[in-house]
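This report refers to the structure that appears directly beneath it.
Chain letters run A, B, ... following the sequence lines, proteins first and then strands; every chain starts at 1.
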Number of protein chains: 2
Amino acid sequence: MNQDYIKADSWSIIEEGFDRERVKSSESLFSIGNGAMGQRANFEEQYSGETFQGSYIAGVYYPDKTRVGWWKNGYPEYFAKVLNAPNWIGINVVINNEPLDLNTCKKVENFQRELNMKEGWYKRSFVATMPSGLEVAVDVVRFLSLDLDETGAIQYNLQVLDGDAEVIMEPYVDGGIKNMDSNWDDKFWNITKIVSESNRAFVESHTMKTNFAVCTFMQAEVFVDGEKIEAPPEVNKTETLVGHTYSVKAAKNETITLIKFGGYVVDRNHPKDRLSETANKILDKASDLGFEALFQKQKEDWGHIWEMSDITIEGDVKAQQGIRFNIFQLNQTYLGKDSRLNIGPKGFTGEKYGGSTYWDTEAYCLPFYMATKNQKVAWNLLQYRYNHLPKAIENAEKLGFTNGAALYPMVTMNGEECHNEWEITFEEIHRNGAIAFAIYNYYRFTGDYSYIPKMGLEVLIGIARFWHQRVNFSQDKQQYVMLGVTGPNEYENNVNNNWYTNYLAKWCIEYAIEQIGKVAEEYADDYERIMTKTKLTEAEIKDWAKVADNMYFPYSEKHQVFLQQDGFLDKDMIKVQDLDSSQRPINQKWSWDRILRSPYIKQADVLQGFYFFEDHFSKEDLERHFDFYEPFTVHESSLSPCVHSIQAAKLGRMEQAYTFYLRTSRLDLDDYNKEVEEGLHITSMAGTWMSIVEGFGGMRVLDDTLSFEPQIPEQWSSFSFKVNFREQIVTLTASKEGTFFELTGNEALTIKVHGKSVELLPGKKIVA
Amino acid sequence: MNQDYIKADSWSIIEEGFDRERVKSSESLFSIGNGAMGQRANFEEQYSGETFQGSYIAGVYYPDKTRVGWWKNGYPEYFAKVLNAPNWIGINVVINNEPLDLNTCKKVENFQRELNMKEGWYKRSFVATMPSGLEVAVDVVRFLSLDLDETGAIQYNLQVLDGDAEVIMEPYVDGGIKNMDSNWDDKFWNITKIVSESNRAFVESHTMKTNFAVCTFMQAEVFVDGEKIEAPPEVNKTETLVGHTYSVKAAKNETITLIKFGGYVVDRNHPKDRLSETANKILDKASDLGFEALFQKQKEDWGHIWEMSDITIEGDVKAQQGIRFNIFQLNQTYLGKDSRLNIGPKGFTGEKYGGSTYWDTEAYCLPFYMATKNQKVAWNLLQYRYNHLPKAIENAEKLGFTNGAALYPMVTMNGEECHNEWEITFEEIHRNGAIAFAIYNYYRFTGDYSYIPKMGLEVLIGIARFWHQRVNFSQDKQQYVMLGVTGPNEYENNVNNNWYTNYLAKWCIEYAIEQIGKVAEEYADDYERIMTKTKLTEAEIKDWAKVADNMYFPYSEKHQVFLQQDGFLDKDMIKVQDLDSSQRPINQKWSWDRILRSPYIKQADVLQGFYFFEDHFSKEDLERHFDFYEPFTVHESSLSPCVHSIQAAKLGRMEQAYTFYLRTSRLDLDDYNKEVEEGLHITSMAGTWMSIVEGFGGMRVLDDTLSFEPQIPEQWSSFSFKVNFREQIVTLTASKEGTFFELTGNEALTIKVHGKSVELLPGKKIVA
C-alpha cells in the first residue's frame, strides 16, 4: 500500500516525480480507454527500463493452448486470452543522435502525469537532461476518442531548452507484438500488409486461429512553433513495423509539435477487404476535425457521462477521487454499445486472468450500468449471455450434462470456458445462478419484462436443467444435496452443500418455473417457440420442482445460522481479529491446504445470498448471519468489502460500513495489494459504486418502487448520486442537513424514503 | 489391452514380427536394468520412426523449474525429475552407403525380441531388406551387468545375405540428450570433455544445477568371422558426440561382429576428478573378462536372484510369465545395495511422474524386498527415509508446521517434494503413516528392533508431531477431526475425516509413544540422544495422546461400517456393476468433478486400513467393509487389485481373488491401459507378488510367528514361493495334493499353517 503515491485531487489522478520503480504501476493507473479499445500509459518515446507494454482492442482475443501441470478431463484445450494488439502510439525521438529514453537520461525533472477524469485525457510532462547534457522539455497529451471510437490522438510537444539541436521524430506503428502471458511462446499475430501513404501508415494483420483482421493505422504531422513541416517524411519499413522519420533543426526554446492520430479498424465492425480504406476515412474525419476540435468533443462527451454517473462527496477529497476513479474506469472499459462485449476484470489495463467475463458482470457491474446508463446497456449485458447459451450447453455437455442443461463458463471471451483449475472451472458453479439472478434483477429494476420471453426464459430453462441434474438425492438425508462445489468463498474447494449454491439453485428452479408460467399466459407465441426449441415437458418441470421443494440446507440450531457448507463447525473457529497480523494476508502467508481447512472467508458467501435475497430474510436473520460470518472474513477478494459495506450500513453500523467502503474505493490508487502494475481491478470498482448507492444511499427496488434509506458517514459532509430509474433521473443528495431528492423527467414518481412514500415531481427538489 | 502381443513363455518375454506402432511399447517392455542404471530397449542402429529414447542412471536427477497453470503457496519452485542420460548403446550401421534403419527398410522379416528373464539379457534379431534391395541379417544381444554394475555389453552380429558389401559400423557415445518432459526446454546436461583413446571413447558431462558429474564411456571391437580388425577406427567428434568408424568389406554370409562395452561412472560413487580414469579401469576389467565371461557371470548372478525370489506357477503359462516379469522388473530396478536409491514408479523404463519415491515403496515394495532379499535391503529402504528426515521437517515447515513436525513428500528424489497438485501434494498426507507403518512392519517381519533406537524413533517422533498439529479440536463434535485431506482413493479430494488417514494418524501417535517408552527402557543412550535432539517433553507426548485418545471416526450405524469420509453416504450410491460400461474407465470418460462427487473408489482406502491393521478387526468386520466398499471400487489404480485380492482370498473368495490377481500380473505385458509405451508400472509389480504370497499363500507374521493360510486358485495345479524369514528360507509349495514346506537354514522354525503350529526342520520337506 502506498498512500502518497497519487496526489489527492477531486477530478484528476496526478503523479509527481519520476520513479523507475513505479513506471509499471503508473502504466496501469493512467490507462485510457473508450469502450472499444484501451491502452496502458506506456511512453510514446522508447523506454529501456522496466515496462509492461499493452494496447487492447475490445473483443479481439486469442485461443491460447492450455498449459497445466496436471491435466483433468473436461479442461478446455484452448482458451481465449486478452490479446496485446499492435502499438500505434510509438514515437521515437532522437536529439543530436541521442535517443530520448527516460531510463538513460541524466536527470528527469518536473515529471508529472495527469489523468483528467472529468475530460477524459492523459497528460505527461517532464524536463529531461540527455546523456549529452542537453535539456529538453516535453509535454504530451493523449486521449482515445469517445466520438470516433476507433481512433485516438496524441499531441507531443518538445523543446530543446539550452541550445539548437537536430531533432528526429519517428512516429510508427509496430505490429510485432507479443503477449506477456503466452503459454507456449506462440505467435499470436500474422502481419499481411504494411503500407505507407504520404503522412499515413497502415499495418494489416490478423490474429492466428481466431483470424480477427485488424488494420492498425496512424497519421502524423510535425510543426515547429506552430508551422507545419511540409517535406514528406522518410519511410522506414521492416517486416513488422512502419515508421515515418521527420528531421527538424530546432532552435533553442522552439516548440516542436507532433500530432498523431492512430487506432484500429477491425473486421468485427467493417468488411475485411476494406479495412485500410475504412482507416483512411477515419483519418480523414479526424484530420478534418483536427486535434483541438476532437479534444473539445472528448471533453464534452465525458461531460455527458459524468452528468449521469458522477457521485460527489464533500469533505473527503480522497474518497471523492477514489469513487470518481472507479466510475471513470468502468466507463473507459464498457459503454454498453455492443452486446458482443463485456467487462473484463482488468479492462484494457492488463492481460491477467485470460477471458473477459466473470460472474462479476452480473453480480456487481449490472446494477451500476442499470442505474447510470439507459436500460439498453443492461439489456446488452443480458443479451451477451443469451448469445452464449449454445456454448453454455456445450460446456455442460463436456462435463457430462444432457438435455440442454447449461453451465456458463467461469471465465469467457466467446462463450467458451477460459479457465482450467478444476475446483473453480468445474465446481464454482454458483456463477450460473448469478446469471439467472441478473435476469430477475433487470426486470425488478427496469420494469421491462420483454427480455424474458424474447431471450431470458431459454437461459433460465438451461440453468434450471443444470441444477436439476447437478444435485442428487441423498438416501441418508432423504433430501437433495449438491456435492463437490466451490462457493463464492474460494478459500473452500470441493465442499458439500454450500448453502449459497444450494439456495441459488432452488431459487433458479423456482424462478424459471414461475417465468414459464407467466410467459405461457402472457406471451403465447414466445412460449410456443421456446417449448418447441427446448422440448420442455410438464413432467420435466415437475421433476425440477421436486428438487426445489426438497433441497437440503446445512443449518446450525445452536448458532441459528445457515452453515456455509457441511462440516463448517468442525473448523478451528478462531476469529480474524485473534489471528496474529504476521499471518495475513493468509493468501500470501499460508499454504493452500491450511487456508482451505481454516474457517476464513475470502469474500461474502452465505452473506452473498443474503445480499441477493435480502427480502427473503428478516433484518434479525441478516444480523445473526453477519455477526456469525463477518468475524471470519478476511476480505482478500476485491469483491468482498462492498457487500459487507452495504450490509453493515443496513444494520446501522456506519463506522464499519465506512471502513469497508475505504477498502475498495482506493484499492488500486493506493496499491493495497502491491500488484497494480499488472492492471486495475475493474469489476470490483462497480462494487464501490454499490457501497455508496445501495449502502449509504440504501437504494432498493421494493415492490416495484424505488426506495432509499440514506445515511451519511460521519467523515463526509455530504454525498450525492443520480439514478436512472425507468427513464427518469432521481438525484439524491445526503448531507448533515438532510436528504434532498430531485427528479429529472416527465412525470411524477413515488419513491420510498426510510419506508415512507414520497412523491417526486419533475424539476422539483425536496427534502425527505 | 492386447493379449496376443507377447508370446506366452514361462521364462522369456518374446515379441515376433516388426510393427512400427509397437516400437515404443516394446521399448518399455524389453527394458533392461541392473539397479544402478537402466535403459529402454531402443535400437542400437539409427531409427527414424517413432521412438522414445531413454537411458537412466540411478540417483541422477534434475531439479526442473515447476510449471503449473495456477500457482499455490507451498508448491516447490523446482522439483527433481528422472533424467535421461547420455546414450552409449548407439551403433550406426551403413551398408553400401545406405544407413540401416528399420523404418526405411523395404522389408523386415523374422523380427524377434526376447527378454530372457532367467538369465538377464535382451536379444533382438531380424532379416531386413535395405532400400537398395540388399538383405542383411542382424542379431544383437545386450545386457547390463549385475557384476560390474557400471557397465553393459552389446554383441552386434551382422551378415549381408546376398552379396559382398561395404559395411560401416560406427559405435558412438552421444551426450546431446534431452528429456521428453522438460518444463521449460531447459538444457539438463553440460558437456565438459569428449575424448577418444584408441578403441575407447569418453564423454564427460555434468547435470545443470545438481552438478552430478558423469563419464559416459564405450569400447568397441569389430570382428569379421571371428577375426578381429586391428586397424584403428576413424574418429568422429562433434560438440556432443564421439564415434568410431569401422569400415569392413564383407563377403556374402560373413558375420561381422561388434562387441561394445559401455556405461556410466558417476561422482556419487567415485572422485569427480578421476571419472575417466575409473571408466578406463572398468573397461579394463570388462575386456579382460571378455564378452562371453561377463555374459556367463550375468546368467549366474540372475540365477542367484531367482533362487531366492522366484515364484513358480504350474498349469498357467501366462500367469507364470506375468509373475516372473514382475519379479524380474523389481530386481532390475532396485537391488537394495544403496540406501540413497529407491524404487521409482517407472523404474528405468520411462520419465513419467518426476521423482523416484512414493509411498508405494513402504506400502507395497517393502514386503517384497523383506521376503526375497536379506534384511539389509529393507533396512536400506528405511534408512533412505531417515536420511530424508531433515527435508521432511523442512517440507512441513513450508506448509506452516513447527517444532520438528515432519511431512514426507508425496514424490521425491532427494527428500524434497516433487509434486505440485495441491489436493495431492498438500493433502494426501496419509503417506506419512505408511512410512511409520513400514518401521513397524520391518520389526514385525525381521524381528530386528535395532533400526528403531538408531534411526526410526526420530522418524516416528517427526510424524507424530505432524499428526498432532494437523488435526484440530471440533467444538461441535467434541473430538479431534482432520479436515481437508485426500486419502489413498484419489477420486476424492479435500475431504474431511478420511477414516483411513484418521486411523493411521491415531495409530502413528500411539506407536510412537509406545516406542519412546521401549527405547527409554531398553536403549538409554539412544533415548538420551534422541530426546536431546528432538527436545521432546512429557507434556508434548501427553498432548499427542489426547489426540489419539479422542480422534473422531466417521461411522454408519445403519451399515455398521466406518465411512470413507464425512458425507460419504450422501452420494448417489450406484454400484459399479450397475454403471453402463460405456462410462468406464471413469478417469477417461468423466470430468473430474463428476468423479469426485461419485461414490467410486480408485483404490483401496478404508480397505487399505483393514489391510495394514488386519489384526485390529475381526474377519466379520473385514467382510462387512469389503462388501460395502468393493462394489464401489473401480480399481483404476495399478495398486488397487492386489489389496483386494489378498482380502478376497482371506474371505475365502478365491474366484474373486484370482480375478483381481489377473488384473495386476499382466497389466503391462497385455497393455491393459494402452500406455505401456510411457514405461512400466514398477511399484505395482510388488503388489502382484503380495497377491500370491499374502493372498493365496496367506502369509502373515502373527505374534512373532510366520504363518500361512494357503489356498490354490482352481486354474492352477500348483504354485510355489520362498520367503527369507529371519535368515532362514521357507519354501511353500501349494498344489492340489496339499501344501509342502521346506526349510533352508540352521535351526528348527515353528510356523503356523491354518492356525496350527508346525515345526520345520532344516532340509526337511513336510506336508501341512
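Using a 4.0 Å cut-off between charged nitrogen and carboxylate oxygen, B:Glu421 and A:Lys72 count as a salt-bridge pair.
Among B:Lys477, B:Gln583, B:Glu492, the residue with the largest count of heavy-atom pairs under 4.5 Å with chain A is B:Lys477. Of the listed residues B:Tyr75, B:Trp590, B:Phe473, B:Tyr552, the one with more heavy-atom pairs under 4.5 angstrom with chain A than any other is B:Trp590. Between chain A and the residues B:Asp566, B:Asn496, B:Asn420, B:Thr425, the most heavy-atom pairs under 4.5 angstrom are made by B:Asn420. Most heavy-atom pairs under 4.5 Å with chain B: of the set A:Glu427, A:Glu423, A:Lys571, this distinction falls to A:Glu423. Residue with the most contacts toward chain A among B:Asn587, B:Asn494, B:Ile595, B:Val481: B:Asn494 (heavy-atom pairs, distance under 4.5 Å).
Here B:Trp592 contributes atom CH2 and A:Leu399 contributes atom CG; the two are 14.0 Å apart, rounded to the nearest 0.5 Å. Considering CE of B:Met573 and OG of A:Ser474, their distance stands at 9.5 Å, rounded to 0.5 Å.
Note on ring orientation: taking the six-membered ring where Trp is involved, the planes of B:Trp422 and A:Trp422 are parallel (angle under 30°, cut-offs 30° and 60°).
Here the closest non-hydrogen pair linking B:Ser591 and A:Lys398 is CB-O, 4.4 Å. Listed here is the closest heavy atom pair of B:Asn73 and A:Ile586: ND2-O, 4.3 Å.
Residue A:Phe401 touches chain B through its side chain alone, counting heavy-atom pairs closer than 4.5 Å. Only the side chain of B:Leu596 comes within less than 4.5 Å of a heavy atom of chain A; its backbone N, CA, C and O stay farther away. Neither the backbone nor the side chain of B:Gln479 comes within contact range of chain A; no heavy atoms are under 4.5 Å apart.
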Item to check | side-chain contact (heavy atoms from CB on, under 4.5 Å) assessment of A:Asp570 paired with B:Asn497 | outcome: CA-CA 10 Å; A:Asp570 277 341; B:Asn497 296 306; 4.2 Å; yes
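For NZ of A:Lys589, the number of neighbouring non-hydrogen atoms (other residues, nucleotides, ligands) closer than 6.0 Å is greater than 12.
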